[in-house]
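Presented below is the structure to which this report refers.
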Amino acid sequence: MVGLDDILAARDRIAGQVLETPVAPSAALGALVGAPVWLKLEHRQTTGAFKLRGATNAVMRMGRVAGVTTASTGNHGRALAHAARQAGARAVICMSSLVPDNKLEAIRDLGAEARVIGDSQDEAFHEARRLKRDEGFALIPPFDHPDVIAGQGTLGLELLEQVPDAATVAIPLSGGGLLAGVAAAMKARRPDIRIVGISMKRGAAMAASLRAGHPVEVQELPTLADSLGGGIGLRNRLTFDMVRALMDDLILVRERDIAAGIRHLASEGHVVEGAAAVGAGAVLSGQLTSRGPLVLILSGGNIDPAAHAAILREGP
C-alpha cells in the first residue's frame, strides 16, 4: 500500500505546482447534520479538480519517454495535460464518448490531443495501452498508480491541518485513488477518523466490486456524476485493496440527490460538477450523518455551464 512517507514526499515534490485549497463552513448543512460541516474547496484547484495532485506527482517522477497518455473521464486527462505541458512533454488523452464536450475542449486548450475511443473508459484504456506498447508513451492511469495515489493523499495532509478535529470525511468514490490517498494520510495520524465513500447508484464500479469481493466490470451509464463513471480495472493492483481496508462506510446516492447537492452548493456560492456534489446530496437525503465535525470534499468544478443552468432551473 501507499503509505504516509510516500504522501509526505509527494507533498514536497509538488509544492508550488498545485494549490493548497481552502475549507469553508456550511451552516445550512451543519444544521441538518447537527455538527459543524466543512467544505474542502478542491474545485478551486488550478485545473478545476483534485486530479492535478496525482498527475503532477506522477509526471515529476517519470523518466525520458515519448509522451504521456491515459484514459480519463475528463478531470485526470485535464490534469495530466496540464502537468505534461509544465514538463514540456507530449500528452495524448483517451476518453469515451460519454465524456462531456466541455472536458474535451479543456484538454485540447492545454495543448494535448484528445482521442475519443468507444463507449466506455475500458475501451479508451485499450488505446492508451497501445500507445505505451507501440509508441513508447508513459501510461499514467487515473487512480491505480502509487504516484497518483500519493499525490491525491496530499489533500488529506491539508485536511489534517485545516480541520484537526474532523470526525468524518466524505470522499467521492470512483476508482478509489482519492479515497485511498486521503484515507492513508489521515488514518496514519488519526486512526479513529471515519472515512465515508460516496458514489452514485448508476454504474458505481467500486461499489459493485466491493460487493463481489473482487474487481468486476459494470455497465457504464449516463449520470450527473460523470467523473465517477468507468471501471476500476479487473487487474486492479492498489486501490481496490486500499479502499476495502481504509473505508468505514459507503453511501450510494440517487440522481435526484446529486442534482439537489449541485443546487444547494450553488446557493452557497460553489459551482461544482455532479461528482463533487454527492456528499452534499447524501446529507440532504439524510443518508450521511456524523457525531462530530464533517468534511465534504468538493472534488471538482468542471461542469458544463448549460448543464448546470438546467439543473438549477429544475428546482427541488
Side-chain angles (χ1 to χ4, degrees), residues 19 21 24 26 29 39-55 72-82 93 95-107 109-110 114 121 142-143 152 155 170-179 182 197-206 220-230 251-284 296-314:
L19 299 178
T21 55
S26 173
L29 294 177
L39 308 176
K40 176 62 168 168
L41 308 184
E42 192 65 12
H43 63 298
R44 296 186 185 177
Q45 190 55 257
T46 303
T47 56
F50 74 93
K51 293 284 191 177
L52 186 60
R53 297 171 182 269
S72 171
T73 53
N75 285 334
H76 175 64
R78 185 173 179 180
L80 189 59
H82 182 278
I93 311 301
M95 290 169 287
S96 83
S97 60
L98 294 177
V99 174
D101 287 343
N102 68 303
K103 293 186 178 181
L104 287 168
E105 293 166 6
I107 287 167
D109 287 345
L110 288 166
Q121 193 169 358
F143 50 86
Q152 318 306 25
L155 191 154
I171 307 173
L173 177 63
S174 178
L178 179 61
L179 190 146
V182 170
I198 318 279
S199 197
M200 69 289 183
K201 286 183 176 289
R202 294 175 58 84
M206 183 63 80
E220 199 167 335
L221 300 171
T223 171
L224 291 174
D226 57 272
S227 293
L228 302 185
I251 295 171
L252 301 180
V253 293
R254 300 163 296 185
E255 294 298 301
R256 67 189 184 198
D257 299 327
I258 300 170
I262 292 171
R263 286 192 293 270
H264 179 84
L265 291 168
S267 75
E268 295 197 18
H270 308 298
V271 176
V272 301
E273 58 192 271
V278 292
V283 170
L284 293 167
L296 306 180
I297 297 178
L298 307 192
S299 54
N302 296 319
I303 189 169
D304 186 316
H308 190 258
I311 290 167
L312 296 185
R313 285 197 301 270
E314 288 175 7

Just how far is it from atom [atom1] of [X] to atom [atom2] of [Y], taken to the nearest 0.5 Å?
{"X": "Arg256", "Y": "Leu284", "atom1": "CZ", "atom2": "CG", "value": "12.5 Å"}
{"X": "Leu52", "Y": "Thr46", "atom1": "CG", "atom2": "OG1", "value": "5.5 Å"}
{"X": "Arg263", "Y": "Glu268", "atom1": "CZ", "atom2": "CD", "value": "14.5 Å"}
{"X": "Ile303", "Y": "Lys103", "atom1": "CD1", "atom2": "NZ", "value": "8.5 Å"}
{"X": "Glu273", "Y": "Leu298", "atom1": "CD", "atom2": "CG", "value": "10.5 Å"}
{"X": "Ile297", "Y": "Leu41", "atom1": "CD1", "atom2": "CG", "value": "11.5 Å"}

Query raised in the report: Can you check whether Ser72 reaches Leu80 side chain to side chain, under 4.5 Å on heavy atoms?
Result: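 Ser72 vs Leu80: side chains apart.
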Quick one: closest heavy-atom pair of [X] and [Y], and the distance?
{"X": "Pro222", "Y": "Arg202", "value": "O-NE, 2.8 Å"}
{"X": "Asn102", "Y": "Asp304", "value": "ND2-N, 3.5 Å"}
{"X": "Ala276", "Y": "Leu265", "value": "O-CD1, 4.2 Å"}
{"X": "Asn302", "Y": "Thr47", "value": "ND2-O, 3.2 Å"}
{"X": "Leu178", "Y": "Ser299", "value": "CD2-CB, 4.4 Å"}
{"X": "Ile198", "Y": "Leu228", "value": "O-CD1, 4.1 Å"}

Query raised in the report: Please walk me through it: do Leu179 and Met206 pass side chain to side chain contact (heavy atoms under 4.5 Å, CB included)?
Result: CA-CA 11 Å; Leu179 190 146; Met206 183 63 80; over 6 Å; no
Report task. Walk me through it: do Lys51 and Ser227 pass the test side chain to side chain donor-acceptor pair (under 3.5 Å)? Result -> CA-CA 11 Å; Lys51 293 284 191 177; Ser227 293; over 6 Å; no
Query raised in the report: Under the 3.5 angstrom rule, does the side chain of Glu255 hit a backbone N or O of Leu224 as a donor-acceptor pair?
Result: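 Here the side-chain-to-backbone pair exists.
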Query raised in the report: Quick one: does Arg254's side chain have a donor or acceptor within less than 3.5 Å of a partner on Lys201's backbone?
Result: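 Here the side-chain-to-backbone pair does not exist.
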Query raised in the report: Please walk me through it: do His264 and Val283 pass side chain to side chain contact (heavy atoms under 4.5 Å, CB included)?
Result: CA-CA 11 Å; His264 179 84; Val283 170; over 6 Å; no
Report task. Output, in order, the C-alpha distance, side-chain angles, deciding distance and verdict of side chain to side chain contact (heavy atoms under 4.5 Å, CB included) for Arg53 and Glu42. Result -> CA-CA 10 Å; Arg53 297 171 182 269; Glu42 192 65 12; 2.7 Å; yes
Report task. Using side chain to side chain donor-acceptor pair (under 3.5 Å) as the criterion, point out the one residue from His43, Gln45, Arg44, Lys40 that pairs with Thr21. Result ->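 By the side chain to side chain donor-acceptor pair (under 3.5 Å) criterion, Thr21 pairs with just one of His43, Gln45, Arg44, Lys40: Lys40.
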